[in-house]
Amino acid sequence: MIHRLVANYWSLPLVAVLVAPLMAGLVLWADAEGAGRWLHEQGLALFVAADTAQDVAAAIVGVNAAFLTLYWSIVLIVLTLATGNLGVRLVDRWLDKGLVRLSMAGLTFCLVFSVIVFARIDAEAPIALVPHFALAAVLVLAAVNIAMLGVAIHDLGRTMFIDRSVAHIGREASSVAVPVIAAAPYAGEWAHAVRAPRDGYVQSIDLKKIAGELAGHPGAVRFCVAPGQHVLEGEALVRFERTPAGDEPVLSAAPISDFRSGIESTVFQVRLLVEVAARALSPGINDFYTAIACADQLAAAIAGHAETWVDDGMIAAYPPDPRLELPGQDFRGLFEAPLKAFRQSASDYPAVAIRMIDNYARLVALLGDRRCPTALLAFLRASAVNLHDHAAARTGFVGDRDDLAAALGRFPQPEDAP
C-alpha cells in the first residue's frame with residue numbers, strides 16, 4: 001500500500017496543491033505585516049505601478065500553466081514510446097523516479113501559488129499597497145521553475161536510453177535480497193496449511209516479521225510459494241508442522257497483488273532483464289545490442305547470487321531461523337526459468353546466443369576460482385550447451401553454426417575446472 005501511494009505521479013503533486021495555498025497565505029500575511037512595505041521603502045520593489053505588477057503576475061500564471069501542460073504531455077509521450085519499445089513493466093520503475101514526481105510537484109505548486117498571489121493584486125491600488133514580497137516570491141519561484149524544467153526534460157529524454165535502465169536493473173538484480181542456506185527438508189506430515197485468500201501474485205514475504213511472530217512456535221514451516229509466483233484462491237501459501245495460533249500473521253506478511261511489480265525485488269528484476277531482451281529481439285524492434293546488454297547484466301546477477309545455490313536433496317532455508325523453508329527462493333528458483341526464456345528468445349539471434357555462451361564460460365571460470373559448488377558449474381555448463389543446441393538448430397547458415405561451436409569450444413571443460 002505504501003508503494004502504491006509513493007510510486008505514482010499524483011501523490012506528491014497532491015501534497016503540493018495542498019501546501020501551496022498555505023504557503024501563499026503565509027507570504028501574503030508577511031506582506032500585510034510590513035514585508036512588502038519595507039521592500040518599497042528601501043527601493044527594492046520590482047514594480048512602480050500596480051497595473052504593471054498585475055500584468056506580470058498574470059503572465060507568470062500563464063507561463064506556469066503552459067509549463068505544466070508541456071511537461072505532462074512530454075511525460076505521456078516518453079512513457080508511450082518507451083513502453084512500446086521496451087516493455088510495459090518498466091513503467092513501475094519510471095514511476096519511482098523522484099525527479100519526475102518532484103518536477104510535477106514543483107510545477108503544480110508554482111501554478112497554485114502564483115494564481116493565489118495574482119488574485120490578491122489590485123491594479124488600482126497605490127503602489128505602496130501592492131504585495132511586493134509575494135510578487136518577489138512568485139518571480140523567484142518562476143526562475144527556479146524554468147531551471148528545473150530544463151533538468152527534468154533532460155532526464156525524460158534520458159529515460160529512452162535503455163542501456164541506462166538495463167544497467168540499473170542489473171545492479172539491483174546482482175544484490176541478494178533474501179540470503180538462504182541449504183538445509184535438510186522436513187519429511188514428515190504437515191498439520192496445517194495457510195491458504196491464499198485470493199488469486200494473484202505474491203509480492204513479498206516479510207521473513208523477519210514472520211520469524212518474530214513464530215519465535216515461540218515449534219516445528220518446521222515451509223513457504224510453498226516464492227515472491228513473484230502466481231497463486232490461486234485456496235492454494236497453500238505456507239505449511240506448518242504444528243498448527244499455529246492463527247493465520248493472520250502469515251497473511252499480513254505475504255501480500256498478494258493483481259499484478260507483478262518491483263516490490264518482488266530480485267525475482268522481478270531478473271525477469272525484467274529477460275523481458276527487455278525478448279522485446280528488443282522481436283521483429284518490430286530488432287535491437288540485438290540491447291539484448292546483449294541484458295545478457296551481460298544477467299551474467300553479473302548470476303555471479304552475485306552464486307552463494308544462494310542449493311544442491312539437490314536439500315532445501316533453501318532462512319539463515320536466522322532454519323526452520324523456515326524457502327523452496328523456490330534459491331539460485332535455481334531465481335534463474336532457471338528466466339534463463340530458459342532467454343534461450344528461447346536468443347536462439348534466433350546467433351550474435352546474442354554467442355555472447356551469452358561466452359558469459360556462461362566466464363562465469364564458470366570465475367565461480368570455479370571461488371570454489372563454488374560443482375553442481376552450480378554443471379548447471380551453467382548445461383545452460384550453455386542447451387543454448388548452443390537451440391541456436392544451432394534454428395540457424396540455416398553454416399558459418400553461424402561454426403561460430404556457435406567455437407563459442408562452446410572456448411568453454412572450460414569439467415576436468416579443467418578447479
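- Considering every non-hydrogen atom in both A236 and V225, the closest pair reads O-CG1, 4.2 Å.
- Side chain of E241 to main chain of A220: a donor-acceptor pair is present (N/O by atom type, distance under 3.5 Å, no hydrogens or angles).
- With contacts defined as side-chain heavy-atom distances shorter than 4.5 Å, the pair L22/L18 does not qualify.
- Although no hydrogens or angles enter the test, the distance criterion places no donor-acceptor pair under 3.5 Å between the side chain of N145 and the main chain of L141.
- A 4.5 Å side-chain heavy-atom check between D403 and P350 finds every atom pair outside the cut-off.
- Judged as a side chain to side chain contact (heavy atoms under 4.5 Å, CB included), and not counting sequence neighbours, the contacts of H217 are L214, F240, R242, P244.
- Looking at heavy atoms from C-beta onward, V221 lies in side-chain contact with V238 at the 4.5 angstrom threshold.
- With values rounded to the nearest 0.5 angstrom, F259 atom CZ is found 7.0 Å from Q203 atom CD.
- A donor-acceptor pair under 3.5 Å is formed between the side chain of S282 and the backbone N or O of R279.
- In this structure a side-chain-to-backbone donor-acceptor pair under 3.5 Å is present from Q229 to A226.
- For the side-chain contact (heavy atoms from CB on, under 4.5 Å) with V61, the qualifying choice from I116, V138, V115 is V115, the only one to do so.
- Between L339 and V274 there is no side-chain heavy-atom pair separated by less than 4.5 Å.
- The line from OG1 of T52 to CD1 of I121 is 11.0 Å long, rounded to the nearest 0.5 Å.
- The ring pair (Phe, Tyr, Trp, His ring centres under 6.0 Å) contacts involving residues 347-370 comprise nothing, where partners must be two or more places apart or lie in separate chains.
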Name each donor-acceptor pair under 3.5 Å that joins a side chain in residues 69-79 to protein atoms two or more places apart or in another chain, with its distance.
unit_1	atom_1	unit_2	atom_2	d
T69	OG1	A65	O	2.9
S73	OG	T69	O	2.8

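- Partners of D296 according to the side chain to side chain contact (heavy atoms under 4.5 Å, CB included) rule, which considers only residues two or more places apart in sequence or in another chain, are I292, R355, N359.
- Residues passing the side chain to side chain donor-acceptor pair (under 3.5 Å) test with D51, sequence neighbours excluded: none.
- Scanning for ring pair (Phe, Tyr, Trp, His ring centres under 6.0 Å) contacts around Y318 gives an empty result, with sequence neighbours left out.
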Check: Hey, mind stepping through V176 and E307 against side chain to side chain contact (heavy atoms under 4.5 Å, CB included) and telling me if it holds?
Finding: CA-CA 9 Å; V176 178; E307 64 190 61; 4.3 Å; yes
Requested in this report: Quick one: do D155 and V151 satisfy side chain to side chain contact (heavy atoms under 4.5 Å, CB included)? Show the steps, please.
Outcome: CA-CA 6 Å; D155 181 72; V151 174; 5.7 Å; no
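- In terms of heavy atoms, D348 sits closest to R394 at OD1-NE, 2.7 Å.
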request  = Report the C-alpha distance between L207 and F223 in whole Å, list the side-chain angles of each, state the deciding distance to 0.1 Å, and finish with yes or no for side chain to side chain contact (heavy atoms under 4.5 Å, CB included).
outcome  = CA-CA 10 Å; L207 292 170; F223 292 85; 3.9 Å; yes
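- Between L237 and C224 there is no side-chain heavy-atom pair separated by less than 4.5 Å.
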Apply side chain to side chain contact (heavy atoms under 4.5 Å, CB included) to the pair R370 and L366, showing each step before the final yes or no. CA-CA 7 Å; R370 294 181 185 175; L366 174 66; 3.7 Å; yes
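- By the 4.5 Å heavy-atom criterion applied to side chains, P131 and L28 are counted as neighbours.
- Listed by first then second residue, pairs satisfying ring pair (Phe, Tyr, Trp, His ring centres under 6.0 Å) with a partner in residues 116-141 read H40-H132, not counting sequence neighbours.
- The two residues A253 and I210 have their closest heavy-atom pair at CB-CG1, 3.5 Å.
- Summarising the geometry of L363 relative to A299, their closest heavy-atom pair is CD2-O, 3.4 Å, with the distance given to 0.1 Å.
- Evaluation of the salt bridge (charged side-chain N to carboxylate O under 4.0 Å, His left out) test over residues 102-125, restricted to residues two or more places apart or in two chains, returns none.
- Heavy atoms only, all atoms of each residue included: L326 and A317 are closest at CD1-C, 4.1 Å.
- Applying the salt bridge (charged side-chain N to carboxylate O under 4.0 Å, His left out) rule to pairs touching residues 11-36 yields nothing, sequence neighbours excluded.
- H305 contributes atom NE2, which lies 6.0 Å from atom CG of L334 (distance to the nearest 0.5 angstrom).
- For residues 108-117, the set of pairs meeting the side-chain hydrogen bond (donor to acceptor under 3.5 Å, both in side chains) definition, not counting sequence neighbours, comprises N64-S114.
- With hydrogens and angles ignored, the 3.5 Å screen pairs no side-chain donor or acceptor of H388 with any backbone N or O of S383.
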**Q.** Check against ring-ring contact (aromatic ring centres under 6.0 Å, His included), Y201 and H230
**A.** CA-CA 4 Å; Y201 295 90; H230 184 269; 5.0 Å; yes
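- The distance from the CE atom of M148 to the CG atom of L99 is 5.5 Å, given to the nearest 0.5 Å.
- Between atom CD of residue Q329 and atom CG of residue L324 there is a gap of 10.5 Å, rounded to the nearest 0.5 Å.
- For the pair V19/F109, a side-chain contact is recorded, criterion being any heavy-atom separation below 4.5 Å from C-beta on.
- Counting heavy atoms from C-beta on, the side chains of V112 and P21 come closer than 4.5 Å.
- Sorted by first and then second residue, the salt bridge (charged side-chain N to carboxylate O under 4.0 Å, His left out) pairs involving residues 318-329 (not counting sequence neighbours) are R222-E325, D321-R323.
- Separation of atoms NE2 (H390) and OG (S345) is listed at 9.5 Å; rounding is to 0.5 Å.
- Shortest non-hydrogen contact noted between P179 and P319 is O-CD, 3.1 Å.
- Considering only residues two or more places apart in sequence or on other chains, W190 meets the ring pair (Phe, Tyr, Trp, His ring centres under 6.0 Å) condition with Y186.
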